[in-house]
Visitor: 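The structure follows.
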Amino acid sequence: MTPAEVASRSLRGTEDPRRLGRLVDYADFRDAARRRLPRGVFDYVDGGADAEITLRRNHEAFEALEFRPRHGRWIAQPSIATTVLGMPLTMPVLTAPCGGMRLVHPHGDVGIAAAAAEAGVAHVATTTSGFTLEQLAEVPGPQLFQVYKVGSDELMRSLVERAARAGYHGLVATIDSAVSGHRTRDHHNGFSQNLRIDLRTVVRLAPRVATRPRWLLGFIRDGLPFTVPNTTLALPGGRPLDLPAITRTTRESLSPTWRDLEWMRATWHGPLVVKGILTVADAERARDLGADAIVVSNHGGRQLDGVPATLTALPRIAAAVGADLEVLLDSGLRGGADVTKALALGAKAVLLGRYPAYGLAAAGAPGVRRVLELVREGLVRTLQLLGCADLTDLGGVVAGSGWEN
Ligand SMILES: Cc1cc2nc3c(=O)[nH]c(=O)nc-3n(C[C@H](O)[C@H](O)[C@H](O)COP(=O)(O)O)c2cc1C
């Protein structure tokens with residue numbers, strides 16, 4: 001199937017709607033992903049760096065923040081539409097850039113982007129997709145392109161030029177990945193940077209994937225898509241790198257540096273977003289450089305373990321730069337109530353990484369559709385239970401120890 005076919009067909013999928021209807025929250029989708037995927041692939045999506053302290057903190061921060069409802073009001077239809085970087089969105093949600101999604105399901109991130117477009121939200125396409133950025137851009141609906149440096153200035157610059165030609169609305173520079181985080185589970189599973197995609201590996205991993213025949217069949221039919229086609233320029237022979245090789249062969253920073261961001265600001269005429277902000281100092285630097293938005297993000301706890309939960313870092317950052325640029329947030333969101341909490345503490349919108357990825361694992365693009373529906377329903381219901389008419393009506397609806405608002 002070509003990507004365009006994937007995009008148009010994937011949402012018509014053959015999934016049993018009753019089965020999907022029985023999955024009603026993040027935990028259900030995570031379990032479904034665990035059942036569908038070989039362990040190495042599930043852990044690649046689910047896991048975090050080192051002792052997974054930050055991964056846990058992300059969830060704990062959302063759990064610790066309490067709502068302060070204003071009861072006795074009836075809000076028939078809370079208004080949740082918004083505009084992010086000039087893009088009208090039906091709710092304050094974007095699907096986050098996630099590499100390796102074609103390992104999860106043949107629909108891959110084309111399926112995520114197609115479900116996002118159908119739901120009226122924006123998708124952020126990753127450099128480390130199993131599809132080219134041009135193929136992803138064929139999916140209708142607003143998209144931003146997330147750029148990694150991948151080893152050379154030349155490749156980074158060519159990616160930015162290609163993204164402009166392909167019509168991406170904005171550029172997202174992820175700055176928290178100078179090197180790849182140490183993902184302990186990946187190492188234990190032999191799914192790390194040292195993985196070499198060769199016959200020996202296939203033989204070694206065969207018994208583990210054999211217990212997931214449905215996944216295996218899909219992966220074989222999809223042509224064993226291990227490579228990252230956007231990186232073709234990185235090798236002299238013009239062959240693309242595979243996912244583990246990207247970090248193995250890269251001697252330079254995988255993330256763009258501030259110097260690279262200055263180049264991007266001068267070259268890229270659309271919105272520029274800096275992803276991976278955790279401190280006021282970095283937020284101010286992004287603002288001073290002329291960024292249009294930042295994403296307060298710790299990469300879902302996959303990079304530097306021990307950094308704070310994004311929700312904890314958000315209020316100070318929003319107070320410092322919120323009037324000058326759009327503040328987005330990701331890491332650890334598990335539904336509409338969490339979206340509400342992030343917005344109440346100053347985010348304009350949120351990005352979701354794992355939740356749509358679990359949806360993809362469970363049922364391809366229709367699974368992502370179901371996830372986005374659940375998020376939307378959860379957001380509307382939370383606003384109704386809080387007594388909030390719209391997204392600007394969230395003052396004072398959250399409280400918790402350690403928060404400053
Ligand atoms: C499997 C996976 C792959 C990811 N790949 C990328 C990537 O290529 N570029 C990037 O900027 N962030 C990447 N991220 C981080 C996400 O964009 C996002 O910051 C994070 O997943 C948000 O946390 P959540 O998963 O708890 O929603 C990845 C995350 C996951 C789970």
Side-chain angles (χ1 to χ4, degrees), residues 26 29-30 33 37 40-49 52 54-62 93-105 108-109 112-113 116 122-131 133 136 144-150 159 170-178 180-181 183 185-186 191 228 230-231 241 243-244 246-247 250 254-256 273-278 294-304 307 309-311 328-335 338-339 342 347 349-361 368 371-372 375:
Y26 186 92
F29 271 96
R30 182 168 178 253
L37 298 175
V41 180
F42 175 76
D43 278 346
Y44 161 69
V45 175
D46 193 69
E52 301 191 337
T54 296
L55 181 68
R56 281 193 298 278
R57 269 188 196 155
N58 283 336
H59 293 312
E60 286 162 7
F62 280 103
V93 168
L94 297 87
T95 43
C98 286
M101 289 297 104
R102 218 166 153 179
L103 301 177
V104 169
H105 190 283
D109 35 354
I112 296 180
H123 176 65
V124 186
T126 170
T127 294
T128 53
S129 172
F131 297 97
L133 66 91
L136 266 158
L144 312 175
F145 179 70
Q146 178 265 318
V147 63
Y148 275 139
K149 197 162 151 117
V150 210
L159 287 171
L171 203 59
V172 177
T174 297
I175 62 164
D176 59 14
S177 307
S180 178
R183 317 246 166 87
R185 293 195 227 173
D186 288 355
F191 200 80
V228 178
N230 280 330
T231 62
L241 295 174
L243 206 51
I246 286 188
T247 35
T250 296
L254 181 60
S255 274
V273 184
V274 184
K275 174 173 181 279
I277 300 284
L278 287 170
I294 53 172
V295 187
V296 178
S297 170
N298 54 36
H299 217 108
R302 298 165 72 83
Q303 283 299 111
L304 179 61
V307 293
T310 52
L311 197 68
L328 314 179
L329 174 135
D330 74 19
S331 301
L333 287 97
R334 289 182 286 189
D338 289 347
V339 179
V350 301
L351 280 64
L352 303 177
R354 290 186 184 82
Y355 200 178
Y358 298 143
L360 186 72
V368 184
V371 162
L372 293 173
V375 172

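Counting convention: from 1, in listed order, for ligands and their atoms alike.
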Visitor: When you measure from atom 8 (O) of ligand 1 to every protein heavy atom, which one gives the shortest distance, and what is it?
Guide: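 Looking at atom 8 (O) of ligand 1, the protein heavy atom closest to it is Thr126 OG1, 2.8 Å.
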
Visitor: Which residue owns the protein heavy atom closest to atom 19 (O) of ligand 1, what's the atom, and how far is it?
Guide: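 Ranked first by proximity to atom 19 (O) of ligand 1 is Asp330 OD2, 2.7 Å.
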
Visitor: Which of these passes side-chain hydrogen bond (donor to acceptor under 3.5 Å, both in side chains) with His299: Thr174, Thr54, Asp176?
Guide: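 When Thr174, Thr54, Asp176 are each tested with His299, the side-chain hydrogen bond (donor to acceptor under 3.5 Å, both in side chains) holds only for Asp176.
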
Visitor: Could you tell me the separation between the CZ atom of Arg183 and the CD atom of Gln303, rounded to the nearest 0.5 Å?
Guide: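 The distance works out to 5.0 Å.
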
Visitor: Using the test side-chain hydrogen bond (donor to acceptor under 3.5 Å, both in side chains), find all partners of Asn298 that sit at least two apart in sequence or belong to another chain.
Guide: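 Applying side-chain hydrogen bond (donor to acceptor under 3.5 Å, both in side chains) to Asn298 gives Asn58, Ser331.
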
Visitor: Any idea which atoms of ligand 1 are less than 4.0 Å away from a heavy-atom of Tyr148?
Guide: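 In order of number, 7 (C), 8 (O), 9 (N), 10 (C), 11 (O).
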
Visitor: Could you tell me the separation between the OG1 atom of Thr127 and the NZ atom of Lys149, rounded to the nearest 0.5 Å?
Guide: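 Those atoms lie 12.5 Å apart.
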
Visitor: After noting the C-alpha distance and the side-chain angles of Asp338 and Tyr26, does the key distance pass the side chain to side chain contact (heavy atoms under 4.5 Å, CB included) rule?
Guide: CA-CA 11 Å; Asp338 289 347; Tyr26 186 92; over 6 Å; no

Visitor: Which protein heavy atom lies closest to atom 1 (C) of ligand 1, and at what distance to 0.1 Å?
Guide: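 Of every protein heavy atom, Arg302 NH2, 3.4 Å lies nearest to atom 1 (C) of ligand 1.
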
Visitor: Run the numbers for me: atoms of ligand 1, each under 4.0 Å from some heavy atom of Gln146, listed by number.
Guide: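 What qualifies from ligand 1 is 7 (C), 8 (O), 9 (N), 10 (C), 11 (O).
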
Visitor: What residue and atom, counting heavy atoms only, is the protein's closest point to atom 17 (O) of ligand 1, and at what distance?
Guide: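 Result: Pro97 O, 2.7 Å.
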
Visitor: Quick check on contacts: which atoms of ligand 1 are under 4.0 angstrom from a heavy atom of Thr174?
Guide: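 Atoms satisfying the 4.0 Å criterion: 10 (C), 11 (O).
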
Visitor: Tell me, please: is Ser297 in heavy-atom contact with ligand 1, that is, under 4.0 Å?
Guide: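 Yes.
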
Visitor: Hey, mind stepping through Ile277 and Ile175 against side chain to side chain contact (heavy atoms under 4.5 Å, CB included) and telling me if it holds?
Guide: CA-CA 8 Å; Ile277 300 284; Ile175 62 164; 4.1 Å; yes

Visitor: Return the residue, atom name and 0.1 Å-rounded distance of the protein heavy atom closest to atom 20 (C) of ligand 1.
Guide: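 For atom 20 (C) of ligand 1, the nearest protein heavy atom is Gly300 N, 3.7 Å.
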
Visitor: Tell me, please: is Tyr355 in heavy-atom contact with ligand 1, that is, under 4.0 Å?
Guide: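 Distance cut 4.0 Å: Tyr355 fails for ligand 1.
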
Visitor: Starting from atom 23 (O) of ligand 1, what is the nearest protein heavy atom, named by residue and atom, and what distance separates them?
Guide: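 Protein heavy atom with the smallest distance to atom 23 (O) of ligand 1: Ser331 CA, 3.2 Å.
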
Visitor: Atoms of ligand 1 less than 4.0 Å from Gly332 heavy atoms?
Guide: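 Atoms satisfying the 4.0 Å criterion: 23 (O), 24 (P), 26 (O).
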
Visitor: For Gly353, is at least one N or O under 3.5 Å away from an N or O on ligand 1?
Guide: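 Gly353 vs ligand 1: N/O contact under 3.5 Å present.
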
Visitor: Think Arg30 forms a cation-pi with Phe42, using NZ or CZ under 6.0 Å from the six-ring centre and within 45 degrees of its axis?
Guide: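 The answer is no, since Arg30 fails at least one limit relative to Phe42.
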
Visitor: Apply the side chain to side chain contact (heavy atoms under 4.5 Å, CB included) test between Leu37 and each candidate in Asp43, Val104, Asp46; give the one that qualifies.
Guide: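 By the side chain to side chain contact (heavy atoms under 4.5 Å, CB included) criterion, Leu37 pairs with just one of Asp43, Val104, Asp46: Val104.
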
Visitor: Show which atoms of ligand 1 fall inside a sub-4.0 Å distance from at least one heavy-atom site of Thr128.
Guide: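 Numbered from 1, ligand 1 contributes 8 (O).
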
Visitor: Is any side-chain heavy atom of Tyr355 closer than 4.5 Å to a side-chain heavy atom of Leu372?
Guide: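 No, too far: nothing below the 4.5 Å cut-off.
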
Visitor: Any side-chain to backbone donor/acceptor pair from Arg57 onto Val307? Under 3.5 Å, distance only.
Guide: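 Such a contact is found between Arg57 side chain and Val307 backbone.
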
Visitor: Return the closest protein heavy atom for atom 5 (N) of ligand 1 as residue, atom name and distance.
Guide: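 Going by distance alone, atom 5 (N) of ligand 1 is nearest to Gly99 N, 2.9 Å.
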
Visitor: List the closest protein heavy-atom neighbour of atom 12 (N) of ligand 1: residue, atom name, distance to the nearest 0.1 Å.
Guide: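 Result for atom 12 (N) of ligand 1: Lys275 NZ, 3.0 Å.
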
